[in-house]
Amino acid sequence: MERKTIPPFRLAEEAPQNQNQLNLLGVLLAAASNFLISVSLNIQKCTHLRLACQAEPKPYYMSKQWWCATTLLALGEVGNFTAYGFAPIALVTPLGCVSVIGSAFISVLFLKKMMRTADILGGTLSVTGTFLLVTFAPSVPQEITARQVQNYLVSWPFLVYSILEIIIFCILLYFYKRKAMKHIVVLLMMVALLASLTVIAVKAVASMITLSVKGKMQLTYPVFYIMIVLMATSCAFQVKFLNQAMHLYEATEVMPINFVFFTTSAIISGVIFYREFQSAAFLSLFMFLFGCLLSFLGVFVIARNKKEEHLQVPFIDCGHIPGQNLTGKIQPDSHSSYYGTLNNEDDLVKSQD
């Protein structure tokens with residue numbers, strides 16, 4: 001019985017084809033996951049608005065609608081995590097713009113918002129940029145083994161990058177803690193620096209789990225658990241500073257800046273750690289960066305001059321009573337001799353007369 005041999009040139013042709021299929025799978029998974037995230041966020045917002053309008057509002061966690069949104073959000077995050085196991089970081093991370101585009105259009109259905117010209121223009125720019133990203137993304141092998149991760153961790157480009165990142169983060173943290181500088185750029189730059197470590201760890205963990213499922217066990221290596229600890233730690237601090245930014249600034253300011261910083265830091269970390277774009281042509285690199293620029297611009301156009309929705313909580317604002325101008329204090333000064341009565345009571349009577 002003759003044994004068939006596969007010519008080497010056919011193996012060389014099948015390898016890029018298989019990688020392109022994996023990239024496509026990662027793209028579809030990331031796009032669908034970000035779309036689910038946008039749906040879940042709009043459902044959560046709709047739930048909070050609906051509960052606030054009730055005479056006796058119940059806690060949001062008692063609502064089935066809120067739990068449905070939370071389930072969709074969890075599925076979206078799991079899908080994003082899995083996508084890193086099939087496609088490069090430089091391809092998966094910029095697809096976060098799908099969530100921004102989806103939120104702009106889905107809010108028309110869930111929150112009854114008006115479709116703006118800026119939403120259509122921004123969506124068109126982002127879709128065009130995403131098409132360029134997918135077309136000119138790096139096609140590199142994505143089966144990252146535990147031994148490869150170990151070698152990448154001690155490579156000199158990553159060590160230099162890590163030292164610079166630690167120095168910059170410490171400087172920003174000094175201004176944040178000691179100088180009480182809570183500018184949006186300072187906060188989101190710290191988020192971006194932590195996010196670069198997060199995506200490196202997520203990519204490594206997702207790839208090792210994917211290989212283990214295929215039969216190439218990688219979970220016995222200590223570096224797998226080191227990456228899990230790095231992923232959880234960096235993600236926790238990242239959420240802390242992001243919540244601080246959301247508390248101090250409007251979401252329409254935080255969202256585009258965070259998307260640009262996060263995507264840029266993730267792409268740089270992928271280039272340095274996983275050596276993406278190592279053999280890419282200049283035209284492919286230029287078109288990929290141009291696609292990133294279009295996506296960034298589209299997100300800024302969508303978020304620009306977008307008004308925030310506030311919960312309609314019934315209350316009486318004592319500073320804006322119709323027909324009455326209050327310039328003094330509602331509560332008298334406790335150190336005054338008139339405590340318990342209105343100050344300048346005689347003047348008040350005269351003004352009323």
Is the shortest side-chain heavy-atom distance between [X] and [Y] below 4.5 Å?
X: Val149; Y: Gln218; result: no
X: Val160; Y: Trp156; result: yes
X: Ile200; Y: Tyr152; result: no
X: Thr130; Y: Ser295; result: yes
X: Glu77; Y: Leu73; result: yes
X: Ser33; Y: Leu75; result: no
X: Phe35; Y: Ser38; result: yes

Transitive ILVMFWY side-chain link [X] to [Y], under 4.5 Å:
X: Leu293; Y: Leu132; result: no
X: Leu194; Y: Ile163; result: yes
X: Val186; Y: Val239; result: no
X: Leu294; Y: Leu283; result: yes
X: Tyr221; Y: Met208; result: yes

What closest approach, in Å, do [X] and [Y] show between heavy atoms, and which atom pair accounts for it?
X: Ser284; Y: Phe136; result: O-CB, 3.6 Å
X: Asn23; Y: Phe86; result: OD1-O, 3.6 Å
X: Ala204; Y: Met227; result: CB-CG, 3.9 Å
X: Thr210; Y: Gly85; result: OG1-CA, 4.1 Å
X: Ser126; Y: Val299; result: OG-N, 3.7 Å
X: Ala245; Y: Leu188; result: CB-CD2, 4.0 Å

* For Ala87, does its backbone N or O pair with a side-chain atom of Lys203 as donor and acceptor, under 3.5 Å? -> yes
* Pairwise side chain to side chain donor-acceptor pair (under 3.5 Å) hits with a residue in residues 223-239, at least two apart -> Thr198-Ser234, Thr198-Gln238
Rounded to the nearest 0.5 Å, how far does [atom2] of [Y] lie from [atom1] of [X]?
X: Leu197; Y: Ser265; atom1: CG; atom2: OG; answer: 9.0 Å
X: Leu297; Y: Cys97; atom1: CG; atom2: SG; answer: 12.0 Å
X: Leu28; Y: Leu24; atom1: CG; atom2: CG; answer: 4.5 Å
X: Ile267; Y: Ser269; atom1: CD1; atom2: OG; answer: 9.0 Å
X: Thr124; Y: Asp119; atom1: OG1; atom2: CG; answer: 10.5 Å
X: Asn80; Y: Leu29; atom1: CG; atom2: CG; answer: 7.5 Å

* Evaluate the criterion side-chain contact (heavy atoms from CB on, under 4.5 Å) for residue pair Ile209 and Thr82; output intermediate values, then yes/no. => CA-CA 9 Å; Ile209 290 177; Thr82 309; over 6 Å; no
Residues two or more places apart in sequence or in another chain: which of them pass side-chain contact (heavy atoms from CB on, under 4.5 Å) with [X]?
X: Leu173; result: Phe169, Tyr176, Lys177, Met190, Phe241
X: Leu248; result: Lys182, Leu187, Gln244
X: Phe175; result: Ile171, Lys179, Met181
X: Val185; result: His183, Met189, Phe261

* To do: Can you spot which of Ile144, Leu219, Thr145 makes a side-chain contact (heavy atoms from CB on, under 4.5 Å) with Leu211?
  => Thr145
* Only one of Phe262, Tyr274, Phe273 passes side-chain contact (heavy atoms from CB on, under 4.5 Å) with Val199; say which it is. => Phe262
* To do: Apply side-chain contact (heavy atoms from CB on, under 4.5 Å) to Asn34 and Ile37, showing your working.
  => CA-CA 5 Å; Asn34 283 294; Ile37 291 173; 4.3 Å; yes
* To do: Under the ring pair (Phe, Tyr, Trp, His ring centres under 6.0 Å) rule, collect the residues that match up with Tyr161, sequence neighbours excluded.
  => none
* Test Phe288 against Phe277 for ring-ring contact (aromatic ring centres under 6.0 Å, His included), laying out the working first. => CA-CA 10 Å; Phe288 179 85; Phe277 291 105; 4.9 Å; yes
* Test Thr70 against Ser40 for side-chain contact (heavy atoms from CB on, under 4.5 Å), laying out the working first. => CA-CA 7 Å; Thr70 304; Ser40 69; over 6 Å; no
* To do: For side-chain contact (heavy atoms from CB on, under 4.5 Å), just list the numbers for Val205 and Tyr84, CA-CA rounded to whole Å, side-chain angles, deciding distance to a tenth of an Å, and then say yes or no.
  => CA-CA 9 Å; Val205 172; Tyr84 281 104; over 6 Å; no
* Asked: Taking atom CZ of Phe224 as the centre, does the number of heavy atoms from other residues, nucleotides or ligands within less than 6.0 Å exceed 12?
  -> yes
